[in-house]
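Heads up, the thing below is written out as structure tokens.
Nothing fancy with the numbering, it's 1 onward along the sequence. Keep in mind that this is a model prediction, so the values were computed, not measured.
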Amino acid sequence: MLKEVVKISNQHGIHARPAGVLAKACAQYQSRIEMIYDGKVIKGRSIMSILGAGIKGKGSLEIICSGSDEQEAMARLKVLFAEGFGFE
């Protein structure tokens, strides 16, 4: 199991388009991917879970990856968060 705290670089937080990119990226891995934001556990593959968390910009959240490809998944997610999911 890997845990990392990442900064949310998107100024407006994770709205519909970044949430779709994030859920799609999580779905590419066999590992279980969850995030914790403001005390809420978010399922990485669920766009509704991501949107429902109300993730605001310029904050941070914790990513938890657990499974056979956890290192690859964590590396990809860290890049996505650092690059603002290709938006902004």
Side-chain angles (χ1 to χ4, degrees):
M1 179 186 317
L2 298 176
K3 294 183 179 185
E4 289 268 347
V5 175
V6 295
K7 290 189 176 196
I8 302 157
S9 59
N10 296 56
Q11 183 176 359
H12 301 292
I14 300 181
H15 49 83
R17 287 186 295 172
V21 171
L22 178 56
K24 189 174 181 179
C26 289
Q28 293 176 348
Y29 299 97
Q30 292 183 356
S31 293
R32 189 178 81 190
I33 301 170
E34 295 179 331
M35 293 159 279
I36 299 177
Y37 175 76
D38 200 25
K40 299 173 192 165
V41 177
I42 304 160
K43 296 177 183 176
R45 290 181 177 89
S46 170
I47 192 168
M48 296 307 292
S49 181
I50 295 166
L51 288 172
I55 302 169
K56 298 188 184 334
K58 303 300 180 186
S60 63
L61 58 75
E62 182 178 32
I63 301 172
I64 303 168
C65 297
S66 178
S68 61
D69 54 359
E70 63 189 22
Q71 291 182 350
E72 294 88 357
M74 182 64 77
R76 177 69 182 131
L77 294 177
K78 286 170 55 176
V79 168
L80 279 176
F81 275 93
E83 294 177 348
F85 303 92
F87 300 100
E88 304 264 330

Honestly curious: do [X] and [Y] fall in one hydrophobic cluster under the side-chain, below-4.5 Å linking rule?
X     : Y     : value
Met35 : Val6  : yes
Ile64 : Leu77 : no
Ile36 : Ile50 : no
Ile63 : Val21 : yes

Worked verdict on Glu4 versus Phe81 for side chain to side chain contact (heavy atoms under 4.5 Å, CB included): CA-CA 12 Å; Glu4 289 268 347; Phe81 275 93; over 6 Å; no

Checking [X] side chain against [Y] main chain: does a donor-acceptor pair fall under 3.5 Å?
X     : Y     : answer
Lys7  : Lys58 : no
Tyr37 : Lys56 : yes
Ser49 : Ile42 : no
Asn10 : Gly84 : yes

Nearest atoms (heavy-atom pairs only) where [X] meets [Y]:
X     : Y     : answer
Ser31 : Ser68 : OG-N, 3.7 Å
Glu70 : Met1  : OE1-N, 3.3 Å
Ile47 : Ala16 : CD1-O, 4.2 Å
Ile14 : Ala19 : CG2-N, 3.6 Å
Gln30 : Asp69 : N-OD2, 3.0 Å

For the [atom1] atom on [X], are there more than 12 heavy atoms of other groups (residues, nucleotides or ligands in this structure) within a distance under 6.0 Å?
X     : atom1 : result
Glu72 : CD    : yes
Arg45 : CZ    : yes
Gln71 : CD    : no
Lys40 : NZ    : yes

CZ-NE2 distance between Phe85 and His15, expressed to the nearest 0.5 angstrom: 10.0 Å

Reported CZ-to-SG distance for the pair Arg76 and Cys65, which is rounded to 0.5 angstrom: 12.5 Å

Full working for side chain to side chain contact (heavy atoms under 4.5 Å, CB included) between Leu22 and Cys26: CA-CA 6 Å; Leu22 178 56; Cys26 289; 4.1 Å; yes

